[in-house]
Amino acid sequence: MKNCKKLIGILTVLSITLTAVGQTSTNSPYTRYGFGQLENQGFGFSKGMGGIGYGMRNGSQINILNPASYSAVDSLTMLFDLGISLQNTNFKEGSTQTNAKNSSLDYIAMQFRLRKDLGFTIGFVPFSTVGYNLSSTKEIDKDVDGNSINAISTYNGTGGLHQVFVGVGYKFMKNLSVGANLSYLYGDIDHTISTTFNSTSAYTSAILNNISVNDYKLDLGLQYSYNLSKEERVNLGLTYSYGHNLNSTLDVHKQVYASSSSAISDSLVTTKNAFSLPSTFGAGFTYVKDNKLTIGADYTFQKWSSAKYNGTSGSYYSDLSRISLGAEYIPSMYSRNYLNRIKYRIGAYMSNSYTKVNGNDAAKEYSVSAGFGLPIFRSKSMLNISGQYIKVSPKVKGMLEENSLRVNVGITFNEDWFRKYKVD
């Protein structure tokens, strides 16, 4: 009965979160390209530590960045984790600036142990997000009176790709664990271009590109722990994500209208399996001292230049490299002083864009973050809060500079659901 009440409480929080927070995490014009903005899939603790996770190994938190970490969960623990983010972004081009506010549901997951040395995780995370609304005006001709005839184009994009996944992690040697996440990758992305003219005699046109994906995604992980002394250890992590052609559809719908608003041209072209995922490699480590101080670093490489977009590779994508650094410190895990049980976190990362604009790399991205892990009363559950500053610097003339402030909020329910009590 006690566990049922806990489950009802968790489901209530989940339903409120899903109702209140929509997947509108971006207004970036960079999401016009590729699959949009690739989401940071780290959970609450990771977001405050620069996104590191390949070498993170802790049975009190879910780390999907390396599924080998699942084997660290103990036999008594049930973990439930969910997170949201709130973001304000300033877009700047020359002296022109604008702001946009967004929110998103970042992840939901549950973890427990199936048997000795075998951990299991199930959950949902977004893979990418598209969201933009732009317009431009271009003079294309002049009428008989010498007045300009302008083409006004509006660009709009919505949608994204999502992952529902199950994963296992198994410790088959004293210090060595392996793991895998198998995801169902799905979603729709719409890009619309509408063109009108300031002349009543001109035609108007609309182009809708719809990308639909339904396929699998496979991520593999390995972790090795080595004790330097009784108080110090190093965790090493490696990950690999399998790149493959996606079961996907591209529909290109073109319409042309006369001034009377009747369509004079209407066509639909469908292309199958024109997209693919890249192979991804990750490596990282953490140094842990006395279970108080954790310092780590990750390196990620995604071979996007070999991935297909609209049937071709090399033209739309650049290989992505990302370096992340992070640290966490807890004064005393078992202290009666609440402040001593808070986890203090800092981190940073830098990355290049995986997309190209006019044949060139689109942008560079930099981020710094800081946050806290706040114990919920005397339980092992944790409220993870972090602040993050993200700067996107364009490498192509005419693109926008972005400066974002993001607040990440996650809650980890950590309860001994499987403890058996004896009554004398």
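Everything numeric in this text was worked out from a predicted model, so none of it was measured.
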[X] and [Y]: side chain donor to acceptor below 3.5 Å:
X: Y309; Y: S315; answer: no
X: S104; Y: D106; answer: yes
X: Q388; Y: S367; answer: yes
X: N66; Y: S69; answer: no
X: N414; Y: T412; answer: no
X: N102; Y: Q87; answer: no
X: S71; Y: R57; answer: yes
X: S386; Y: R406; answer: no
X: E365; Y: Y349; answer: yes
X: S205; Y: Q255; answer: no
X: N227; Y: E232; answer: no
X: N210; Y: D190; answer: yes

Pairing residues for [X] by the salt bridge (Lys or Arg N to Asp or Glu O under 4.0 Å) criterion, not counting sequence neighbours:
X: R345; answer: E328
X: E401; answer: K391
X: K303; answer: D319

Quiz prompt | side-chain contact (heavy atoms from CB on, under 4.5 Å) between N247 and V213, worked out | solution = CA-CA 6 Å; N247 178 34; V213 173; over 6 Å; no
Practice problem: Using the side-chain contact (heavy atoms from CB on, under 4.5 Å) rule, take V234 and L228 through it: C-alpha gap first, then chi angles, then the decisive distance, then the call. | Solution: CA-CA 7 Å; V234 173; L228 300 173; 3.6 Å; yes
Practice problem: Scan for ring pair (Phe, Tyr, Trp, His ring centres under 6.0 Å) pairs involving residues 39-71, sequence neighbours excluded, and state none if there are none. | Solution: F43-Y107
Quiz item: Tell me, which pairs form a ring pair (Phe, Tyr, Trp, His ring centres under 6.0 Å) where one or both residues lie in residues 321-347, sequence neighbours left out?
Solution: Y344-F372
Indicate every side-chain donor-acceptor pair of residues 355-364 with a distance under 3.5 Å to a residue at least two apart or in another chain.
{"unit_1": "T355", "atom_1": "OG1", "unit_2": "S353", "atom_2": "OG", "d": "3.0"}
{"unit_1": "K356", "atom_1": "NZ", "unit_2": "G314", "atom_2": "O", "d": "3.0"}
{"unit_1": "D361", "atom_1": "OD1", "unit_2": "S318", "atom_2": "OG", "d": "2.4"}

Nearest-0.5 Å distance that lies between atom [atom1] in [X] and atom [atom2] in [Y]:
X: N181; Y: F165; atom1: CG; atom2: CZ; answer: 5.5 Å
X: S332; Y: N340; atom1: OG; atom2: CG; answer: 6.0 Å
X: N90; Y: L400; atom1: CG; atom2: CG; answer: 10.0 Å
X: I411; Y: L383; atom1: CD1; atom2: CG; answer: 6.0 Å
X: L222; Y: S177; atom1: CG; atom2: OG; answer: 8.0 Å
X: N273; Y: L250; atom1: CG; atom2: CG; answer: 11.0 Å

So which heavy atom on [X] is nearest to which on [Y], and how close?
X: N408; Y: S85; result: OD1-CB, 3.5 Å
X: S321; Y: N352; result: N-OD1, 2.7 Å
X: R113; Y: R115; result: CG-O, 2.9 Å
X: N291; Y: I330; result: O-CG2, 3.7 Å
X: M382; Y: G373; result: SD-C, 3.1 Å
X: G131; Y: T31; result: N-OG1, 3.3 Å

Tell me if a side-chain donor or acceptor on [X] pairs with a main-chain N or O of [Y] at a distance below 3.5 Å.
X: Y354; Y: F35; value: yes
X: K47; Y: V409; value: no
X: S183; Y: L185; value: no
X: S46; Y: G53; value: no

Exercise. Quick one: do F80 and I108 satisfy side-chain contact (heavy atoms from CB on, under 4.5 Å)? Show the steps, please.
Key: CA-CA 8 Å; F80 183 90; I108 310 169; 3.9 Å; yes
Do [X] and [Y] have side chains that approach each other closer than 4.5 Å (heavy atoms only, starting at C-beta)?
X: N27; Y: F91; value: yes
X: Q302; Y: R322; value: no
X: N99; Y: K92; value: no

Quiz item: Where do N209 and D251 land on the side-chain contact (heavy atoms from CB on, under 4.5 Å) test, with the steps shown first?
Solution: CA-CA 6 Å; N209 295 331; D251 290 327; over 6 Å; no
Exercise. Decide if atom OH of Y226 counts as having more than 12 heavy atoms of other residues, nucleotides or ligands within a radius under 6.0 Å.
Key: no
Exercise. Look at K217 together with D215 and state whether they make a salt bridge at an N to O cut-off of under 4.0 Å.
Key: no
Exercise. Check ring-ring contact (aromatic ring centres under 6.0 Å, His included) between H253 and all other residues, then give those that pass, not counting sequence neighbours.
Key: none
Quiz item: With F127, which residues qualify under ring-ring contact (aromatic ring centres under 6.0 Å, His included), at least two apart?
Solution: none
Exercise. Mind telling me whether H244 and Y216 have parallel, tilted or perpendicular rings, with 30° and 60° as the class edges?
Key: parallel
Self-check item: Residue list, side-chain contact (heavy atoms from CB on, under 4.5 Å) with F120, at least two apart or on another chain
Solution: F112, L114, I122, V166, V168
Practice problem: Can you spot which of N63, T77, T121 makes a side chain to side chain donor-acceptor pair (under 3.5 Å) with Q111? | Solution: T121
Distance-only donor-acceptor pairs under 3.5 Å for side chains of residues 153-161, two or more places apart:
{"unit_1": "S153", "atom_1": "OG", "unit_2": "T195", "atom_2": "OG1", "d": "3.4"}
{"unit_1": "N156", "atom_1": "ND2", "unit_2": "Y132", "atom_2": "O", "d": "3.4"}

Quiz item: Is there a ring-ring contact (aromatic ring centres under 6.0 Å, His included) between H162 and Y184 once you walk through the steps?
Solution: CA-CA 8 Å; H162 315 283; Y184 170 55; over 10 Å; no
Practice problem: Applying side-chain hydrogen bond (donor to acceptor under 3.5 Å, both in side chains), name anything that partners T192, two or more places apart in sequence or on another chain. | Solution: none
Identify each donor-acceptor pair in which a side-chain atom of residues 274-286 lies under 3.5 Å from a protein atom, sequence neighbours left out, and give them as a table.
{"unit_1": "S276", "atom_1": "OG", "unit_2": "K308", "atom_2": "N", "d": "2.6"}
{"unit_1": "T286", "atom_1": "OG1", "unit_2": "G55", "atom_2": "O", "d": "2.8"}
{"unit_1": "T286", "atom_1": "OG1", "unit_2": "N235", "atom_2": "ND2", "d": "3.3"}

